[in-house]
Amino acid sequence: QVRLAESGGGVVQAGDSLTLSCAASGRAFSSNDMGWFRQAPGKEREFVAAINLSGTSTWYVQSMKGRFTISRDNAKNTVYLQMNSLNPEDTAVYFCVADPSGSPSDSSSWGSWGQGTQVTVSS
């Protein structure tokens with residue numbers, strides 16, 4: 001079983017940047033693709049991004065493309081989400097995910113979830 005621990009959330013102003021980190025432990029970090037979801041109050045979980053083992057392939061929802069960047073450092077067992085040009089619509093709890101099956105945009109296809117980290121963007 002993999003353990004995921006997110007960090008880096010906080011309160012920022014519109015237009016600011018923020019980088020989230022997710023440290024994996026409990027099994028080999030390099031054995032799985034990983035990704036990020038988010039959930040705003042009153043809304044369903046939303047796919048943000050995913051990355052394959054080697055880091056050569058990434059997937060984003062259209063609204064994130066160009067603003068958000070997912071990356072990983074397998075030597076540090078860590079995946080990152082760099083978020084630029086943040087706006088209030090990005091306010092949500094961000095979850096790190098691992099152990100995928102099926103479509104990465106389907107929340108039910110991920111077997112492991114972190115506890116989440118809160119990102120709040122003020123206007």
P100 to W110 - nearest heavy-atom pair and separation: CB-CZ3, 3.4 Å
Smallest separation among heavy atoms of M83 and L20, with atom names: CE-CG, 3.7 Å
Interatomic distance, L86 atom CG to L18 atom CG [nearest 0.5 angstrom]: 6.5 Å
side-chain contact (heavy atoms from CB on, under 4.5 Å) partners for S71, two or more places apart: Y80
Reported OG-to-CD distance for the pair S107 and E46, which is rounded to 0.5 angstrom: 11.5 Å
Residues forming a side-chain contact (heavy atoms from CB on, under 4.5 Å) with V48, sequence neighbours excluded: W36, R38, M64, F68, L81, Y94
Residues which pass ring-ring contact (aromatic ring centres under 6.0 Å, His included) with W113, listed by chain and number, not counting sequence neighbours: F37, F95
Interatomic distance, Y60 atom OH to T69 atom OG1 [nearest 0.5 angstrom]: 4.5 Å
Gap between atom CG of L4 and atom CG of N32 - 0.5 Å precision: 9.5 Å
Single-linkage hydrophobic cluster V97~V61, side-chain heavy atoms < 4.5 angstrom: yes
Residues that S54 engages under side-chain contact (heavy atoms from CB on, under 4.5 Å), provided they are two or more places apart: N52, T56
side-chain hydrogen bond (donor to acceptor under 3.5 Å, both in side chains) contacts touching residues 7-21 (sequence neighbours left out): S17-N84
Minimum heavy-atom distance between S85 and R67, given as atom pair plus value: O-NH1, 3.1 Å
Qualifying disulfide bond (SG atoms under 2.5 Å apart) pairs, either residue in residues 50-123, two or more places apart: C22-C96
With sequence neighbours excluded, residues passing side-chain hydrogen bond (donor to acceptor under 3.5 Å, both in side chains) with S105: S103
Gap separating the CG atom of D73 from the OG1 atom of T78, nearest 0.5 angstrom: 6.5 Å
Distance-only donor-acceptor hits, side chain of residues 116-123, under 3.5 Å, sequence neighbours excluded:
{"from": "T117", "atom 1": "OG1", "to": "G9", "atom 2": "N", "distance (Å)": "3.2"}
{"from": "Q118", "atom 1": "NE2", "to": "A92", "atom 2": "O", "distance (Å)": "3.4"}
{"from": "Q118", "atom 1": "NE2", "to": "T120", "atom 2": "OG1", "distance (Å)": "3.4"}
{"from": "S122", "atom 1": "OG", "to": "V12", "atom 2": "O", "distance (Å)": "3.3"}

Gap between atom OG1 of T91 and atom CD of E89 - 0.5 Å precision: 8.0 Å
Over all atoms of both residues, closest heavy-atom pair of I51 and R72: O-NH1, 3.7 Å
